[in-house]
Amino acid sequence: MSDTLDAIITKGVSNAVKALYELEVSPESIVPQATRKEFEGNMTIVVFPWVKAARKAPEAVANEIGQWLVDNEPIVEKYNTVKGFLNLVIRSTYWNGVLQTIASTPAYGVKAADEHSPLVMVEYSSPNTNKPLHLGHVRNNLLGYSLSKILAACGNKVIKTNIVNDRGIHICKSMLAWEKWANGVTPESTGIKGDHLIGDCYVAFDKHYKAEVKELMSQGMTQEEAEAASPLMQEAREMLRKWEQKDPHVRSLWQMMNEWVYAGFDETYKRLGVSFDKIYYESDTYLEGKAKVLEGLDKGIMYRKDDGSVWADLSSDGLDQKLLLRSDGTSVYMTQDIGTAKLRYQDYPIDKMIYVVGNEQNYHFQVLSLLLDKLGFKWGKDLVHFSYGMVELPEGKMKSREGTVVDADDLMEEMVNTARQVSQELGKLDGLTPAEIEDIAETVGLGALKYFLLKVDPRKNMVFNPKESIDFNGNTGPFIQYTYARICSVLRRAAEAAKEAIDYSAVEPGEREVTVIQRLADFPAVVAEAGRTYSPALIANYTYELVKEYNQFYHDCKILSEEDAARRAMRLQLSLATAKVIATATDLLGIKVPERM
């Protein structure tokens with residue numbers, strides 16, 4: 001099966017149009033589609049583009065092309081037309097060959113990288129060291145990690161990277177709060193994860209700051225005046241200045257608290273199942289950015305205001321003026337991103353840089369792309385901002401400063417507990433050991449979380465509802481995982497009963513079997529499209545559709561009890577191929593599938 005079905009049909013249609021109407025049409029311009037369920041057929045061709053040249057009605061053109069294919073293309077058995085739509089029925093013997101190809105291809109659907117493959121760097125996570133990871137970070141990490149795996153499956157070399165925002169005024173707020181109100185507590189003395197402990201300090205700062213602003217306003221100040229006059233905020237800004245001046249005490253406190261946070265992050269990343277090849281730190285990259293900005297100032301690309309701050313005027317590019325260095329010389333996020341980009345391209349021969357960052361930062365990356373280009377980085381214009389929508393809860397948005405975020409660790413624990421409870425109620429854990437129960441609860445709970453967040457078009461905002469995500473029916477992770485476990489059970493029982501391999505090459509698949517095989521045959525194209533459009537949702541929803549089709553086949557067709565040995569062998573091979581594709585697809589989403597459930 002050297003050519004795909006699409007390739008065979010597009011070439012055949014191209015030849016038909018040339019023979020019938022003396023019209024040269026490139027096969028690449030012909031786009032076959034899977035026939036809709038309400039019509040007979042496997043592939044559908046739209047014939048409207050050739051109606052004018054043929055000088056005939058659309059249905060007549062479809063009939064002529066259909067008949068030419070039946071007469072000249074061996075795999076086309078028959079056809080039917082609906083106005084200008086030509087539905088082609090592919091011979092069942094062809095599908096048997098497709099199944100054999102899928103079964104004999106070890107890494108079916110996945111393209112390996114070679115020495116000529118482009119190097120793609122994907123940045124995701126990008127946490128601040130003043131709080132633990134929350135639900136928004138979970139979506140970011142899952143999208144970034146899955147996108148990295150999908151791009152690798154499309155034949156790219158991929159570097160997974162993270163930039164940790166470990167400096168700035170928000171970090172100083174947590175540091176100041178720890179000094180003032182934490183009484184010297186540590187993760188060890190409290191048993192609290194380091195990132196959670198520092199997050200509590202951040203919330204405490206905001207609480208005291210708001211109280212301070214309220215008090216100043218009661219004395220007659222406006223809110224703006226009170227915020228500017230707040231002693232607490234002035235202390236935080238002074239701490240940031242001392243940090244930039246490398247004050248020994250401030251740096252020592254900063255290093256200690258960051259270490260606590262990193263240990264906490266590592267635990268969260270490990271349980272979430274994501275990883276990085278290289279981690280950059282803003283504390284290392286911001287000076288590189290400052291140097292490039294000052295270089296741009298010398299070249300007249302940037303300008304300095306009277307208060308000493310440095311800006312870029314992007315009005316000629318349809319944008320506005322962008323602050324790059326504050327009047328006190330401290331950096332902003334844009335400065336750091338310029339420095340980080342410079343270091344990354346020094347470290348790796350990157351062909352493409354993809355930033356996985358929420359859509360509230362669209363403007364930021366427009367500016368970054370322009371500034372990198374103006375500063376002489378040839379790759380500046382080509383950076384990709386993988387802009388995804390925000391994730392909210394049924395009750396609304398989350399706010400870090402007010403401590404109303406959904407913590408990633410708490411969320412994962414809740415998902416695992418819910419998976420355990422639901423699985424027990426449905427009797428899916430009967431007869432398993434305690435260790436097996438915990439392993440399945442972890443796999444199902446986190447699989448439900450990941451699938452629910454990844455099945456949505458990443459560009460869209462979404463509402464995450466934990467209760468909806470853990471359901472063993474419908475478009476959910478547990479439904480897919482349970483189907484995989486069911487197939488594994490069938491294959492185990494078949495292996496126990498097997499005596500010898502049986503040739504099934506002469507068996508003609510029936511309608512249910514053909515539907516599943518055709519869906520399996522789509523997998524490589526779905527992976528390629530997911531990589532092209534940066535959409536893990538395509539993989540997720542393809543897997544759900546495949547599982548639905550397999551379950552219908554499983555319901556309607558005997559497998560182990562099928563008396564015809566060759567047909568039984570074919571159906572077992574179909575089950576094995578389906579399990580293989582499910583495992584590959586879910587792995588691209590970072591989801592594990594259990595063999596028993």
For [X] and [Y], indicate whether the former's side chain and the latter's backbone hold a donor-acceptor pair under 3.5 Å.
X    : Y    : value
T190 : T186 : yes
D307 : S327 : no
K193 : D409 : no
D587 : A583 : no
S14  : T10  : no
D317 : L319 : no
T335 : L324 : yes
S29  : S26  : yes
S387 : G358 : no
S252 : P248 : no

Quick check on [X]: does its [atom1] atom have over 12 non-hydrogen neighbours (other residues, nucleotides or ligands) under 6.0 Å away?
X    : atom1 : answer
K460 : NZ    : no
E225 : CD    : yes
Q219 : CD    : yes
R459 : CZ    : no
K242 : NZ    : no
K157 : NZ    : yes

key: Chi angles and distances behind the side-chain hydrogen bond (donor to acceptor under 3.5 Å, both in side chains) call for Q223, E227   = CA-CA 6 Å; Q223 182 169 339; E227 289 173 351; 3.0 Å; yes
In Å and rounded to the nearest 0.5 Å, what is the [atom1] to [atom2] distance from [X] to [Y]?
X    : Y    : atom1 : atom2 : result
C172 : E179 : SG    : CD    : 10.5 Å
C201 : I171 : SG    : CD1   : 12.0 Å
H137 : D407 : NE2   : CG    : 11.0 Å
L240 : L176 : CG    : CG    : 12.0 Å

ask   = Under 4.0 Å between a Lys/Arg side-chain N and an Asp/Glu carboxylate O for K292 and E295?
value =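 Salt bridge flag = yes for E295 with K292.
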query = Looking at K131 and D195, does any basic side-chain N land under 4.0 Å from a carboxylate oxygen?
reply =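 Salt bridge: no.
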Can you tell me if [X] and [Y] form a side-chain donor-acceptor pair at under 3.5 Å?
X    : Y    : answer
S315 : D313 : yes
Y388 : N140 : yes
H385 : N359 : no
T129 : D166 : no
S369 : Q366 : no
Y280 : D347 : yes
Y348 : T161 : no
T285 : T340 : yes
W311 : S309 : yes

key: Single hit among N162, N156, V158, D277 for side chain to side chain contact (heavy atoms under 4.5 Å, CB included) with V122   = V158
request  = Please lay out, stage by stage, how W181 and Y202 fare under the test ring-ring contact (aromatic ring centres under 6.0 Å, His included).
outcome  = CA-CA 11 Å; W181 305 300; Y202 185 62; over 10 Å; no
Is the shortest side-chain heavy-atom distance between [X] and [Y] below 4.5 Å?
X    : Y    : result
L314 : K374 : yes
P524 : Y108 : yes
Y262 : Y281 : yes
P231 : E212 : yes

inquiry  = Ring-plane angle category for Y145 and Y124, please: parallel below 30°, perpendicular beyond 60°, tilted otherwise.
reply    = perpendicular
Mutual orientation of the aromatic rings belonging to Y345 and W379 [parallel < 30°, tilted 30-60°, perpendicular > 60°] = parallel
task = May I have the step-by-step check of ring-ring contact (aromatic ring centres under 6.0 Å, His included) for F464 and F452, ending in yes or no?
result = CA-CA 8 Å; F464 174 67; F452 198 93; 5.4 Å; yes
request  = Applying side-chain contact (heavy atoms from CB on, under 4.5 Å), name anything that partners A540, two or more places apart in sequence or on another chain.
outcome  =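 With neighbours one apart ignored, the set is Y451, K455, L589.
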ask   = Quick one: which of R326, R237, R251, K290 gives a salt bridge (Lys or Arg N to Asp or Glu O under 4.0 Å) with E244?
value = K290
Aromatic ring proximity, centroids under 6.0 angstrom, F365 and Y355 = yes
